[in-house]
Amino acid sequence: MLQVAFIREHRDEVIERLQQRNMDASQMIDNVITLDEQRRKLQTQLDNTLAESNTIAKEIGNLYKSGKASEANALKEKGAQLKEDSKGLEDQLNRKAEELTELLYQIPNIPHHTVPAGNTDEDNEEVFKEGDIPKLHANAKPHWELVKELDIIDFELGNKITGAGFPVYKGKGAKLQRALIAYFLDKNTAAGYNEVQVPHLVNEASGFGTGQLPDKEGQMYHATNVEPSLYLIPTGEVPATNIYRDDILSLSQLPQQLTTYTPCFRVEAGSYGADVRGLNRLHQFDKVEILRVEHPEQSYKAFEGMIEHVKDILRELKLPYRILRLCGGDLGFAAALTYDFEVFSTAQDRWLEISSVSNFETFQSNRLKLRFRNQDGKTQLCHTLNGSSLALPRVLAGIIENYQTEDGIQIPEVLIPYTGFDKI
RNA sequence: GGAGAAAUGGCAGAGUGGUCGAAUGCGGCAGUCUUGAAAACUGUUGAGGGUCACACCUCCGGGGGUUCGAAUCCCUCUUUCUCCGCCA
């Protein structure tokens, strides 16, 4: 969420930069400024009332001590009246503050100045491309056919147990999946990310902290038969980032680098057609995530570092990929800048998104109250970043499709030590 | 699941109705001393709101209550610890 003080001081700039998202925020921004003014006015009134009430309470204490009970009793009435006043003011203040917060929740992050204009994914800007697209044999097939023939991923079985979008990985398919997870985690920890295992259900405060709530309420599975209700995580980002909620880090604690492997659960309502075939879109999938908490001056350098890291993994896997800089219209609610990685699937003849690296700047940390103590000893909001390294199903799809041969699927060399076999 | 105890600033730990945003110690920061460091000494050191800056307000696990006044009393929830039971 954007900082009110920033909005107040940079009204025109905020409106102008949000236009990059194809939204006219002027009305919202002006409402924020008005609500904030009203809020502060009420706060002052309340403070003054409480100050008076405090003074009287002290006086009464002194009067009792000096034995002037009757005078003290006279003052009590006034104190009671002030208390009543303060309650009324407090109610008004809370309502106003809530209204302001709700409005702020609806305003997305300000795009980074490099974010290109545009409405849809067609307007995303390709910034990098690497790797050879393999020439497949004549009988090459998409992964959903291959995995069925080889009996390594069973969609129908998952459908029986749970429903569509919850596949069962079997035999070498399961092993390959596990190999990828181990390989990703090893790469990430070698690069300095600390491995953590986190809960797969989170409370409401965590959902708000990273910005999934209230924006993506409908996208998350929600367990409501427990009190308080819990959400199944749509990404490891949510629990991992919330590790830092309400923290004040020292300069020496920055940067923080985490990596975590988690399943991810997404409702994905309204999806249909070829986009969602096979592994392309699931309700449950695995992902290894990398996450950083950075000094604001370092965050874009860190962003580049994360991009290079993901590149390195894809190079090792020898998968052809490209990097897109998301346009304003495609940029996620909380992100200031996002680069998507896409692997080319030869058999499907299309690009599959396998990673998304974002800098949220202070958007998440403002909600999280994640701060650090700067050189002047003042608290200041950190920048948060995260990215997938990587999302499993589409990497799996990319490997299965691009590495297919007439007599089975070759395993990428770097994975063989993890799988223990070189062909499926 | 049962019984008991507890939750205070970065940490430890005082504080049972007004003089408490809170003793003291440790840690942190700054200074003195030193060639430099350590030690010692001196000062300083929670967060948020508000203000040009002060003033002022809020916060002692969360929420609610009693009172003119709550860290302190009451209710409730959560968490932690000890003992017992059960269990992957």
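Each chain gets a letter, A, B and so on, in the order its sequence line appears, and its residues count up from 1. Heavy atoms only: backbone and side chains are in, while hydrogens, waters and symmetry mates are out.
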Separation of the P atoms in rA71(B) and rU8(B), to the nearest angstrom: 16 Å

Between rA55(B) and rC41(B) - C1' atom distance, rounded Å: 35 Å

Electrostatic pair E304(A):K301(A) at N-O distance under 4.0 angstrom: no

C1'-based separation of rG17(B) from rC60(B) [nearest Å]: 15 Å

Partner set under side-chain hydrogen bond (donor to acceptor under 3.5 Å, both in side chains) for K187(A), not counting sequence neighbours: D312(A), E316(A)

Residue list, side-chain hydrogen bond (donor to acceptor under 3.5 Å, both in side chains) with R95(A), at least two apart or on another chain: none

For K87(A), all residues meeting salt bridge (Lys or Arg N to Asp or Glu O under 4.0 Å), sequence neighbours excluded: none

Counterpart residues, side-chain contact (heavy atoms from CB on, under 4.5 Å), relative to A335(A) (two or more places apart): L331(A), T338(A), S358(A), F360(A)

R178(A): partners by side-chain contact (heavy atoms from CB on, under 4.5 Å), with sequence neighbours left out: K175(A)

Atom C1', compared across rG31(B) and rU80(B): separation rounded to whole Å: 41 Å

Mate of rC26(B) where both pairing distances stay under 3.5 Å, Watson-Crick or G-U: rG10(B)

F372(A) and H295(A) aromatic ring geometry - parallel, tilted or perpendicular at 30°/60° bounds: tilted

Length of the line joining L82(A):CG and rC56(B):C1', which is rounded to integer Å: 15 Å

Atom-pair distance (CG on L50(A); C1' on rA55(B)), nearest Å: 15 Å

Closest to the R39(A) side chain, choosing from rU58(B), rG49(B), rA47(B): rG49(B)

What N/O pairs connect the protein and nucleotides 7-10 of chain B at under 3.5 Å? Give each pair on its own line.
none

Sugar-phosphate, base or nothing in reach of N62(A), heavy atoms under 4.0 Å: nothing

Any residue meeting ring-ring contact (aromatic ring centres under 6.0 Å, His included) with F333(A), in chain and number order, not counting sequence neighbours: F363(A)

Between rU19(B) (C1') and L63(A) (CG): distance, integer Å: 15 Å

Pair assignment for rA53(B), Watson-Crick or G-U wobble, requiring both distances under 3.5 Å: none

rU72(B) and rU67(B), which share atom name C1', separated by this distance in whole Å: 13 Å

Residue matched to rU82(B) through Watson-Crick or wobble contacts both under 3.5 angstrom: rA3(B)

Residues forming a side-chain contact (heavy atoms from CB on, under 4.5 Å) with L381(A), sequence neighbours excluded: Q3(A), T362(A), S365(A), N366(A), R371(A)

Interface residues of residues 245-258 of chain A with RNA chain B (non-hydrogen, below 4.0 angstrom): I248(A)

Complementary nucleotide of rG17(B), counting Watson-Crick and G-U pairs under 3.5 Å: none

For G211(A) against R367(A), the heavy-atom pair lying closest together: CA-NH1, 3.1 Å

Presence of donor-acceptor pair under 3.5 Å, side chain of D47(A) and base of rG49(B): yes

B/S/- contact track for nucleotides 59-80 of chain B, protein heavy atom under 4.0 Å: --------BBS-----------

Set of residues satisfying side-chain contact (heavy atoms from CB on, under 4.5 Å) with respect to D12(A), sequence neighbours excluded: none

For Q284(A), all residues meeting side-chain hydrogen bond (donor to acceptor under 3.5 Å, both in side chains), sequence neighbours excluded: none

Sugar-phosphate, base or nothing in reach of T379(A), heavy atoms under 4.0 Å: sugar-phosphate

